[in-house]
Amino acid sequence: MSVSDVQKTQALLRALQAPEATRQQVEVSMLKKALDTQKEEADALLRLLEGKGQVIDIRV
């Protein structure tokens with residue numbers, strides 16, 4: 001096997017692995033976006049659970 005064959009093989013392997021790396025990057029970014037969305041929804045729910053002001057006890 002000559003050096004040029006090794007270089008061609010390495011170039012082919014890099015080309016074949018590039019779509020896999022790109023797919024993984026897209027998956028990671030999608031998961032990160034989903035996590036950020038869930039955090040925002042959790043914050044919104046926590047804000048709804050908080051009181052709107054002080055609790056006033058009125059007894060007659």
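We count residues from 1, following the sequence as given. No experiment lies behind these values; they were computed from the predicted model shown.
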Engineer: With sequence neighbours left out, write down each residue that passes salt bridge (charged side-chain N to carboxylate O under 4.0 Å, His left out) with R14, or none if nothing qualifies.
Structural biologist: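 Per chain and number, R14 pairs via salt bridge (charged side-chain N to carboxylate O under 4.0 Å, His left out) with no residue.
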Engineer: Tell me who clusters with V26, hydrophobic residues only, linked when side chains sit under 4.5 Å apart either directly or through other members.
Structural biologist: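 For the cluster that includes V26, the remaining residues are M30.
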Engineer: Measure the spacing between CG of L31 and CG of D36 and express it to the nearest 0.5 Å.
Structural biologist: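 Output value for this atom pair is 11.0 Å.
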